[in-house]
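To start, the structure under review is shown below, and the notes come after it.
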2 protein chains.
Amino acid sequence: MSQSLGKALQILTRLGAGPATLDELAAAVGVHKTTVLRLLRTLADEHFVFRDGSHRYHLGARIHELSSRGLDQREVRGIAAPHLTTFNRAHGRTTHLSELAGTEVVYIDKLESHDHVRMASRIGLRAPVHSTAAGKVLVADLPVGELDVLLDALTFAKATPNTITDRAAFRAELTRVRAQGWARDREENEPSINCVGAPVRDASGRAVAAVSVSVPDIVMTYDRLLDLLPALLSVTERISRDCGWRPVEPRKGHPA
Amino acid sequence: MSQSLGKALQILTRLGAGPATLDELAAAVGVHKTTVLRLLRTLADEHFVFRDGSHRYHLGARIHELSSRGLDQREVRGIAAPHLTTFNRAHGRTTHLSELAGTEVVYIDKLESHDHVRMASRIGLRAPVHSTAAGKVLVADLPVGELDVLLDALTFAKATPNTITDRAAFRAELTRVRAQGWARDREENEPSINCVGAPVRDASGRAVAAVSVSVPDIVMTYDRLLDLLPALLSVTERISRDCGWRPVEPRKGHPA
DNA sequence: ACCGCCGTAGCGACATACGCAACGATGGTT
DNA sequence: AACCATCGTTGCGTATGTCGCTACGGCGGT
C-alpha cells in the first residue's frame with residue numbers, strides 16, 4: 001500500500017464531491033498542507049486536477065479523458081449504445097448497462113428517464129450483486145465453482161428490509177432467475193425503487209453485461225414495470241446477438 | 001513532484017491506451033515490477049484499476065465515477081446539454097462544448113455527427129487556443145492584462161500549414177473574432193478539418209464556454225459550414241441566457 | 001500602512017519506497 | 001508424474017524520496 005499514492009487518490013475522491021482549497025484538502029486527507037501541495041502539483045502537472053482563480057482545486061481534464069477512453073475499451077458498451085438509445089427513446093425510463101466487478105456490479109452506461117424524477121446513480125458507481133437485478137443476472141449463470149467463490153466473498157449487506165441476506169435464499173433467487181431469464185429487485189437495493197434486469201450474452205453464452213430498468217414506486221408500480229419486460233428481453237437479445245451470441249437450438253427428439 | 005505518484009499517474013495514462021499486464025506496465029513506466037505491483041495494489045484498492053482474468057489491468061470504476069461527478073460540477077455543461085442535443089438533432093454535425101484551461105481549451109461535452117465519419121476528439125481532450133475556433137472565442141474578450149499573460153505563455157505551435165504562428169497575426173484574428181462574434185478554424189488545428197465556434201457567456205458577459213462545430217472538408221466545405229452560423233449563434237445565445245447573460249442594450253443617443 | 005490568507009522554499013530527519021532475490025501458484029507440455 | 005514458463009508475491013536491507021516544520025513572499029482587502 002503506497003502511502004503517498006493513497007493520499008493522492010483520497011484527494012481525487014474528495015474533489016469528486018466538489019472543488020476544494022489546499023487547506024480543505026489537507027484537513028480532509030489529514031496531512032500537512034505542504035504534503036498536499038506537493039501531491040496537487042504532481043496531479044496538476046498531469047492534468048488530473050486544476051486550480052481556478054479562487055484558490056480551489058477541481059478535477060481536471062485527464063480524468064475525463066481517461067474515463068472516456070476506459071469506457072470505449074468496454075466493447076459491450078459500444079455495441080449496446082444504439083440499442084439502449086432506441087429503448088430509452090421508446091420507454092423513457094432510467095436504464096443502466098452494467099458489468100460484474102467482483103461482488104459488485106459497476107454501471108458503465110446510463111440513460112436517463114424522460115420525466116423529472118431522476119435517479120442518483122451514475123456511470124462508475126458500484127452496487128452489490130445480491131440486491132440488484134443486474135447483479136442477479138450477472139451471477140446467475142456463473143459456473144458452480146465461480147459462484148461458490150463469489151458467494152463466499154459476499155457479505156449480503158442488508159440495504160433495505162427487502163434485501164436478501166441469506167445465502168440459501170439468494171441461491172433460490174438465482175435458480176428462479178435462471179429459469180425465467182431475467183431478475184427483479186423489489187426495493188431490495190434502495191427503498192421505493194424497483195428494478196428489472198436481463199443479461200447480455202457474448203458468443204460463449206456467458207452473461208457479460210446486464211441491462212436494467214429502474215423506476216421509483218411513486219412513478220410506476222412494480223406491476224407496471226413488468227410491462228416493460230418484453231421490450232427489455234428483446235433489446236438484450238438484440239445486443240447479445242451483436243455480441244456474437246446465438247440462441248441454443250432445441251435438441252432434437254426432446255420436448256421443447 | 002512526487003515520484004511515486006507520478007509513476008502511478010503514468011500507469012493510469014498508459015491504461016487509457018488499453019489494458020496491460022504487470023510486465024507491460026513495468027516496462028512502460030521504467031521501474032521494477034514489484035514497484036508497479038505496489039502501485040497497482042493501491043490503485044485497485046481504491047477502484048481506480050481492476051485486473052481481469054487474463055492478467056491484464058484496466059481502468060476501473062472510480063475513474064468513471066469521478067469523471068461523471070467532475071463533469072456535473074461544470075455548471076455550464078448541464079445548462080448547455082439540452083440545447084446542444086436539440087442543435088445536434090437538427091444539424092447532425094460534430095459539436096463540442098469547451099472551456100478555457102490555461103493556454104488550451106478542454107472539451108467538456110461532445111455530440112457526435114450523424115454520419116459515419118467520426119472525429120477522433122473526445123471529452124477531456126485539450127487543444128491549443130490559437131489554432132481552434134473555440135480557443136479564439138474563449139480568449140478574444142479577455143481583459144487586456146489577462147490576454148497578454150496568456151499570449152506570453154502561448155508557444156503558437158504550428159499544427160498545420162494554416163496555423164497562425166505569429167502573435168501579431170493572432171491578435172488581429174482576435175480583433176476580427178470580437179467584431180463578428182464568432183471564430184473559425186480553417187484547417188489550422190488539423191488538416192482537412194474546418195470548424196466554427198461561438199461563445200457562451202455568463203451573467204457578467206464573460207465567455208465561459210464555447211460551442212463549436214467541426215466538419216471534415218470531404219463531408220462539407222467551409223462555405224457550407226458557414227451556413228450553420230445562424231443556428232450556432234442562436235444556440236449559444238440561448239445557452240448564454242440560461243447562464244444569466246443578458247444582451248447589452250444599445251446606448252441611447254449613439255448610432256446602433 | 002497592517003492584516004489575513006494562500007502558496008512556496010529550504011531544511012534535516014526518517015519513514016517509506018525501492019530493487020533484489022527467492023519462492024509459490026498456475027497452466028501447459030511431454 | 002516431472003518439467004518449464006509465466007505471473008504474482010514475499011521478505012529483506014538500504015537509501016531515496018517524503019515528511020512536517022519554519023519562515024517568507026505575494027496578493028487582496030481595509
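Naming convention: chains lettered A, B, ... in sequence-line order (proteins, then strands); numbering from 1 in each chain. All heavy atoms count here, side chains included; hydrogens, waters and symmetry mates do not.
Shown for residues 4-16 of chain A: residues whose heavy atoms fall under 4.0 angstrom of DNA chain C, namely A/S4.
A salt bridge (charged side-chain N to carboxylate O under 4.0 Å, His left out) check over residues 47-65 of chain A, counting only residues at least two apart or in different chains, returns the pairs A/D52-A/R56, A/R62-A/E65, A/E65-A/R69.
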Shorter than 3.5 Å, N or O on both sides, protein versus nucleotides 24-29 of chain C: list them out with atom names.
none

Protein-nucleic acid N or O pairs under 3.5 Å, nucleotides 8-14 of chain C:
from  : atom 1 : to    : atom 2 : distance (Å)
C/dA9 : OP2    : A/R41 : NH2    : 3.0

Do any side-chain atoms of residues 37-49 of chain B form donor-acceptor pairs under 3.5 angstrom with protein atoms, and if so which ones, sequence neighbours left out?
from  : atom 1 : to     : atom 2 : distance (Å)
B/T42 : OG1    : A/S2   : N      : 2.8
B/T42 : OG1    : B/R38  : O      : 3.1
B/H47 : NE2    : A/R126 : NH2    : 3.1

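Computed from C1' positions of five pairs at each end, the angle between the two local axes of the helix from C/dA1-D/dT30 to C/dT30-D/dA1 equals 40°, rounded to 10 degrees.
Straight-line distance from the CG atom of B/L39 to the P atom of C/dT16: 15 Å, rounded to whole Å. Residue B/L25 contributes atom CG, which lies 13 Å from atom C1' of D/dC7 at whole-angstrom precision.
Closest-nucleotide positions on DNA chain C for B/V31 and A/D23 were compared, and the one nearer the 5' end corresponds to A/D23.
When every heavy atom of B/L66 is checked against every heavy atom of A/G16, the shortest pair comes out as CD2-CA, 3.8 Å. Heavy-atom minimum distance, B/A80 versus B/L97: CB-CD2, 3.9 Å. Looking at every heavy atom in both residues, A/V106 comes nearest to A/A101 through CG1-CB, 4.1 Å.
Residue-level contact check: B/S2 touches the backbone only, with heavy atoms under 4.0 Å from sugar-phosphate atoms and none from bases.
Here A/H55 does not reach the OP1 or OP2 of C/dC5: none of its side-chain N or O atoms lies under 4.0 Å away.
Between B/F170 and B/F156, the ring planes are perpendicular. Angles over 60° get that label, and only those under 30° would be called parallel.
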